[in-house]
Amino acid sequence: MNHLVAPSVLSANFTNLQADIELINSSEADWFHVDVMDGVFVPNISFGFPVIKALQKFAKKPLDVHLMIVDPDRYISQFREAGAEVLTVHLEACNHLHRSIQSIKQHGMKAGVAINPHTNVELLRDCLAEIDLVCVMSVNPGFGGQKFIEHTYTKVKALRSLIEQTGSKALIEIDGGVDLSNYKKLLECGANVLVAGNTVFASQNPIETIAILKNKS
Ligand code: DX5
Ligand code: ZN
C-alpha cells in the first residue's frame with residue numbers, strides 16, 4: 001500500500017486553527033492526527049471535545065485521534081460523536097486492552113493501540129489480529145518537537161515481522177520526531193503512517209513538506 005501522512009494538529013496555530021485545517025485539506029496529507037492529553041498519563045494537557053468538534057466541522061480528511069489519557073474506555077462514544085474515525089488508546093493505559101479494542105470497533109471506528117518507547121512489541125502478540133493500527137511512539141509522549149529515538153527502527157522491523165506471523169492487517173504508525181532525514185528509513189523498515197507535527201508546521205512551506213513526506217523516492 002502507499003503510505004499515509006498524518007500532520008499533527010498539536011503543532012498547528014490555535015489562534016487561527018481554521019487556516020491550518022484548510023492548509024491540510026488542500027495538501028496531499030491523508031489524515032489529521034489529533035493528540036489528546038490529560039495531564040495524568042502524560043505530563044501535559046492538550047485539548048478536548050470542543051476543539052475536536054471544531055476540527056470535525058472543517059476537516060475534509062479522517063481524524064486519527066491519539067488518546068494519551070488514563071482509562072480511555074470512559075470516553076469512546078464521545079470521541080466517535082466528536083468525529084474520530086481512528087481511535088488509538090495506549091497499551092500502558094488500559095487494564096483490559098482487548099475489551100477497549102472491541103469497544104472502539106463496536107462504535108464504528110478503527111482501533112489503534114499506541115506503545116511507549118519502553119514497551120516491547122511482543123506484548124501486542126495476543127491481540128494483534130484484532131488491531132487496525134499500531135502507533136509506535138518514537139518519543140516519550142506528551143510534547144511535540146522532541147528528538148526521534150533511534151531504537152524505533154529496530155522496533156518497527158520487529159513489529160512488521162510480528163504482524164506477518166500473526167496474520168494481522170494492522171498499519172504501523174510512527175509518532176514523534178519524524179522528519180525529512182528519517183522518514184524514508186522508517187518506510188523501509190515497514191512503517192505505513194507517518195505522523196509529523198513540528199516538521200510540517202514549523203517548515204517554510206508546509207504543503208511542500210507534506211508532498212516530500214508522501215514521496216518515497
Ligand atoms: C507526542 C504526540 C505527537 C506529536 C508529534 O506526544 O503524540 O503526535 O504531536 O509531534 P512531532 O512530530 O513534532 O514530534
Ligand atoms: Zn500523537
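Each ligand, and each atom within it, is numbered from 1 in the order the structure gives. If you're wondering where the values come from, they're calculated on a predicted model, not measured in any experiment.
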**OP:** Taking 2.8 Å as the upper limit, name the protein N, O or S atoms near the Zn ion (ligand 2).
**Re:** H33 NE2, D35 OD1, H66 ND1, D175 OD2
Subject >> For N116, side chain to side chain contact (heavy atoms under 4.5 Å, CB included) partners two or more places apart >> reply: F41, H90, E92, H118, T119, M137, P141
Original post:
CD1/I149 to CG/N182 distance, rounded to the nearest 0.5 angstrom?
Top reply: 12.0 Å
Original post:
Got the residues with a heavy atom under 4.0 Å of ligand 1, by chain and number?
Top reply: S8, L10, H33, D35, M37, H66, M68, M137, P141, G142, F143, G144, G145, D175, G176, G177, V195, A196, G197, N198
Original post:
Any side-chain heavy atom of I115 sitting closer than 4.5 Å to one from L123?
Top reply: no
Subject >> From CA spacing to verdict: side-chain hydrogen bond (donor to acceptor under 3.5 Å, both in side chains), S138, T152 >> reply: CA-CA 6 Å; S138 37; T152 308; 4.7 Å; no
Original post:
Closest heavy-atom contact between L10 and F143?
Top reply: CD2-C, 4.4 Å
Original post:
Would you say V193 and D30 make side-chain contact, with heavy atoms under 4.5 Å?
Top reply: no
Original post:
What do you reckon, are the aromatic ring centroids of F148 and Y153 less than 6.0 Å apart?
Top reply: yes
**OP:** Let me see the working for D35 and S46 under side-chain hydrogen bond (donor to acceptor under 3.5 Å, both in side chains), right down to the final yes or no.
**Re:** CA-CA 7 Å; D35 288 307; S46 57; over 6 Å; no
**OP:** Would you mind listing every side chain to side chain donor-acceptor pair (under 3.5 Å) that reaches into residues 187-198, with sequence neighbours excluded?
**Re:** R160-N192
